[in-house]
Structure formats: C-alpha cells, structure tokens
**Q** 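Quick one: the structure is below, and I'll ask about it shortly.
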Amino acid sequence: MKIATWNINGVRARIGNLIAWLKESDPDIVCLQEIKSANEQFPRLEIEALGYHVETNGQKGFNGVAILSKLKFDEVHRGLPGDDADEHARFIEGVFSTPRGALRVVSLYLPNGNPIGTEKFSYKLGWMARLERWATERLALEEPLVMGGDYNVIPENGDARNPEVWVNDALFQPESRQALRRLVNLGFTDATRASTDAKDVFTFWDYQAGAWQKNNGIRIDFQMLSPEAANLLTSASVEKHVRAWEKPSDHVPVAIELAA
DNA sequence: ATGGTGGTGGCACCA
C-alpha cells in the first residue's frame, strides 16, 4: 500500500499537476495540505474519476487539508482537538479497513509560526502541544497510524542545505525542534529518515532566488509512523522530480510503501 | 527577490 503526502500550495491552481501525478505515482492514499480552498470549491470530480474517495477540511483562501483514498472511509474526523477557538483547517483523520485491520491516516498542516516572538509562533507551539496530546491518545490504540504532513519544522541541521540562514526562522527554533523530537520520542518513526542516510534530501524549495536550481532546500514534510505502522514499512521516497514541472508547488510528494 | 488567494480599483495577506 502506497501512502503519499504533498503540500500542493493551492489545489485549484495545481489540479493539472495533481491529476498527472496521481496517474504517474498511483498512490492508494494521499494526504494533501494547503489546498487553499473551501470544501465546496474543491475539484473533487476530476479526482473521483480516477477512483479516489475524497474527504476535505477546507477553508476559503488559506490552509486546508484533504485525504484522497482508493479505500472507502470508515470514519472521518476534522480538526485537531484541544482548542475550540482554533478556526484554522489544518487537520483531518481518516480510518480505513485493510486485511490486517484498521489503518488510521492523518493529513496535517502544522502552523508556520513566523515571525518568531509573535502570537503566530506561540500558536505554532500550542498546536504542537495539542498534536502531542492527540497522538499520545491514538498510540494507546496500538494500531497502524500514519501522520503525513507539512510539519513546518527543520528537525536537524542536515535537513537544510544552508542551516545558517534559518537560525531566526520559526521552522528552526529550538522550541520547534524540541516539540518535534517529543513526538518522535513518543514512538513515531520519521519514515524518510529511517529509510536513507543520504544528505540533502529535501521536500521544499522556495520559489524565490533560484532556490530549486541551487538545491537550496529544506526537509519539512514527513510521514510519521506509529510503531504498528513502522513495522509494515518497506520503503520511503521523495518524488523530487515533480518540483521541476511547469507551475510546480514549492513542496514535493513524500511517499511510503507499507506491506499489504 | 516568487506565487496563490481574495476582495477589489489597486493591494494585502500568507507562505
């Protein structure tokens, strides 16, 4: 079973790329972030025509996440619990039935948090604390759980081509990295990190200043696997070539293969 | 420096 995550930076602007990529990559389940679309505006018909079920947690203009799946959804849950005042659409969970039993998949879009020293950064850290609480509860189920998403955190210096330029960025702050480490230390496996020792494995290249041409990237999109999911992991890949397509997203898909 | 989106008369916000 192939599960991919991709921050698509506007699903309506990117529908051509998305359809081409779905045909080429043929994932079973896709976690999308930054759809920048209300649920009613999501281009579901073209995706459903390829055999996917579509569930969205969208909002007008910004943010928004979705899960596409060839398996039908047994359950869908929208929103990260823990703050009733949080209106950002950044989290959706789907539950599926497989021959091995239940499979849970989350698509999450963690807050960027810039600039540091503002309420945006405290919102990011608060969101990460809520995610840790949620994940702790889900781990108790002892089920395969895959949390794909744009985590907006650079875990280690080696996850940036030029770490020194990120030192004042929310993605690189010690508090952000510590909160991500807390998640890993609960028992989650960063599938890409577990599958390669390669340097310069990036998932995001800024549109500006020729970042892609210079390979000035960062690795901020992850698939975090519960122990039960990690035990099924057979491979992980970053579909970097998609960044060279016409009108690309600034992020590329990150995929895993789980034993059926 | 680049790009998507939304609500406009040109521009603001988000990344």
Side-chain angles (χ1 to χ4, degrees), chain A residues 5-21 30-44 46-47 56-66 80 85-92 107-128 131 148-155 159-173 175-177 179-180 202-222 240 242-254:
Chain A
T5 182
W6 190 13
N7 178 323
I8 196 166
N9 190 20
V11 68
R12 286 168 291 158
R14 220 72 65 200
I15 185 62
N17 279 12
L18 176 58
I19 295 297
W21 172 75
V30 182
C31 305
L32 296 178
Q33 300 86 39
E34 273 205 279
I35 63 174
K36 295 186 176 180
S37 171
N39 293 331
E40 316 81 69
Q41 291 182 295
F42 191 92
R44 63 166 52 239
E46 291 163 270
I47 296 167
T56 63
N57 181 17
Q59 72 180 86
K60 193 164 73 173
F62 307 111
N63 307 320
V65 290
L80 178 64
D86 183 3
E87 294 182 345
H88 291 199
R90 297 180 174 276
F91 190 93
I92 186 170
S107 177
L108 69 87
Y109 177 45
L110 213 144
N112 174 292
N114 279 305
I116 58 174
T118 68
E119 70 289 342
K120 292 188 176 179
F121 189 61
S122 51
Y123 173 66
K124 178 192 189 102
L125 296 181
W127 205 95
M128 294 186 84
L131 179 61
D150 175 357
Y151 283 71
N152 265 320
V153 177
I154 301 167
D159 293 308
R161 177 65 178 271
N162 297 121
E164 65 279 3
V165 306
W166 295 94
V167 292
N168 292 316
D169 195 286
L171 280 59
F172 203 66
Q173 292 311 294
E175 297 95 325
S176 308
R177 301 166 84 181
L180 187 70
F202 304 132
T203 65
F204 168 92
W205 296 261
D206 201 283
Y207 290 119
Q208 302 183 56
W212 165 247
Q213 289 75 10
K214 292 186 248 181
N215 197 27
N216 179 16
I218 53 177
R219 193 177 71 91
I220 57 174
D221 299 271
F222 315 126
K240 181 178 179 178
V242 173
R243 185 64 176 77
W245 289 2
E246 288 293 311
K247 279 196 67 171
S249 169
D250 40 8
H251 298 249
V252 296
V254 175

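Just so we're clear, the structure is a prediction, and the values are computed from it rather than from any experiment. In what follows, chains carry the letters A, B, and so on, assigned in the order in which the sequence lines appear, proteins first and then strands, with residues in each chain numbered from 1.
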**Q** Without decimals, in angstroms, what is the distance between H88(A) NE2 and dT5(B) C1'?
**A**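 Interatomic distance, NE2 of H88(A) to C1' of dT5(B): 15 Å.
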**Q** Should dG10(B) be called syn or anti, with syn set as within 90° of 0?
**A**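 In terms of base orientation relative to the sugar, dG10(B) is syn.
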**Q** Answer yes or no: is there a side-chain heavy-atom contact under 4.5 Å between K120(A) and N112(A)?
**A**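 Answer no - side chains too far apart.
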**Q** Which value, in whole Å, describes the distance between the P atoms of nucleotides dA1(B) and dG6(B)?
**A**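 Roughly 26 Å separates the two P atoms.
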**Q** Could you tell me whether F204(A) contacts a base, only the sugar-phosphate backbone, or nothing, with contacts defined as non-hydrogen atoms closer than 4.0 Å?
**A**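 The answer is nothing, as F204(A) stays clear of every strand by at least 4.0 Å.
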**Q** Atom CG in D250(A), atom CD1 in I8(A): separation rounded to 0.5 Å?
**A**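 Answer for the CG-CD1 pair, D250(A) versus I8(A), is 11.5 Å.
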**Q** About how many Å separate OG1 of T5(A) and CG of L32(A), when rounded to the nearest 0.5 Å?
**A**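 It is 7.5 Å, given to the nearest 0.5 Å.
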**Q** So which one's nearest nucleotide on DNA chain B is more toward 5', A209(A) or N9(A)?
**A**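 The residue whose closest nucleotide sits nearer the 5' end is A209(A).
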**Q** dT5(B) C1' sits how many Å from E34(A) CD, rounded?
**A**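 About 11 Å, once rounded to whole Å.
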**Q** Using whole Å, report how far CD1 of I8(A) lies from P of dG3(B).
**A**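 After rounding, the reported distance stands at 17 Å.
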**Q** Can you give one letter per nucleotide of nucleotides 6-13 of chain B, going 5' to 3': B for a protein heavy atom under 4.0 Å from the base, S for sugar-phosphate only, - for none?
**A** SS-----B
**Q** Rounding to an integer number of Å, can you tell me how far W166(A) CH2 sits from dA15(B) P?
**A**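 The answer, rounded to whole Å, is 13 Å.
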**Q** Mind calculating the distance between NE2 (H251(A)) and P (dA15(B)) to the nearest angstrom?
**A**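 Rounding to the nearest Å, NE2 of H251(A) and P of dA15(B) are 11 Å apart.
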**Q** For a ring-ring contact (aromatic ring centres under 6.0 Å, His included) with H251(A), tell me which candidate from F204(A), Y109(A), F202(A) qualifies.
**A**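 By the ring-ring contact (aromatic ring centres under 6.0 Å, His included) criterion, H251(A) pairs with just one of F204(A), Y109(A), F202(A): F204(A).
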**Q** Mind checking the C1' distance from dG9(B) to dT2(B)? Whole angstroms is fine.
**A**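 24 Å, rounded to whole Å.
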**Q** Are any non-hydrogen side-chain atoms of K124(A) and W127(A) less than 4.5 angstrom apart?
**A**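 A side-chain contact under 4.5 Å is absent here.
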**Q** Distance between the P atoms of dG7(B) and dG3(B), in whole angstroms?
**A**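 Between the two P atoms, the distance is 23 Å.
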**Q** Rounded to the nearest angstrom, tell me the gap between atom NZ in K247(A) and atom P in dG3(B).
**A**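 The distance from NZ of K247(A) to P of dG3(B) comes to 10 Å, rounded to the nearest Å.
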**Q** Is a donor from one side chain sitting under 3.5 angstrom from an acceptor on the other, for N114(A) and D169(A)?
**A**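 Yes, because at least one side-chain N or O of N114(A) sits under 3.5 Å from a partner of the opposite role on D169(A).
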**Q** Counting C-beta onward and ignoring hydrogens, is there a side-chain heavy-atom pair between I154(A) and I220(A) closer than 4.5 Å?
**A**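 I154(A) vs I220(A): side chains touch.
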**Q** Can you give the donor-acceptor pairs under 3.5 Å from side chains of residues 58-66 of chain A to other protein atoms, not counting sequence neighbours?
**A**
| from | atom 1 | to | atom 2 | distance (Å) |
| --- | --- | --- | --- | --- |
| Q59(A) | OE1 | N63(A) | ND2 | 3.3 |
| Q59(A) | OE1 | A89(A) | N | 2.7 |
| N63(A) | OD1 | R90(A) | NH2 | 3.3 |

**Q** Looking only at side-chain atoms of Y207(A), point me to the closest of dT5(B), dA1(B), dG3(B).
**A**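 Nucleotide nearest to Y207(A)'s side chain: dG3(B).
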**Q** Between C1' on dA15(B) and OH on Y151(A), what's the gap in Å once rounded to a whole number?
**A**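 To the nearest whole Å, that distance equals 19 Å.
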**Q** Is the distance between the ring centroids of W21(A) and W6(A) less than 6.0 Å?
**A**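 Ring-ring flag for W21(A)/W6(A): true, centres closer than 6.0 Å.
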**Q** Give me the distance, rounded to whole Å, that separates dG10(B) from dT5(B) when you measure between the C1' atoms they each carry.
**A**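 Their C1' atoms lie roughly 16 Å apart.
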**Q** DNA chain B in dot-bracket, Watson-Crick or G-U pairs under 3.5 Å, [ ] crossing, | other strand?
**A** .(((((....)))))
**Q** So F222(A) and Y151(A), would you call those rings parallel, tilted or perpendicular, with 30° and 60° as cut-offs?
**A**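 Ring orientation of F222(A) relative to Y151(A): tilted.
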**Q** Nearest whole angstrom, please: distance from the C1' of dT2(B) to the CZ of R14(A).
**A**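 Taking atom C1' of dT2(B) as the reference, CZ of R14(A) is at 11 Å.
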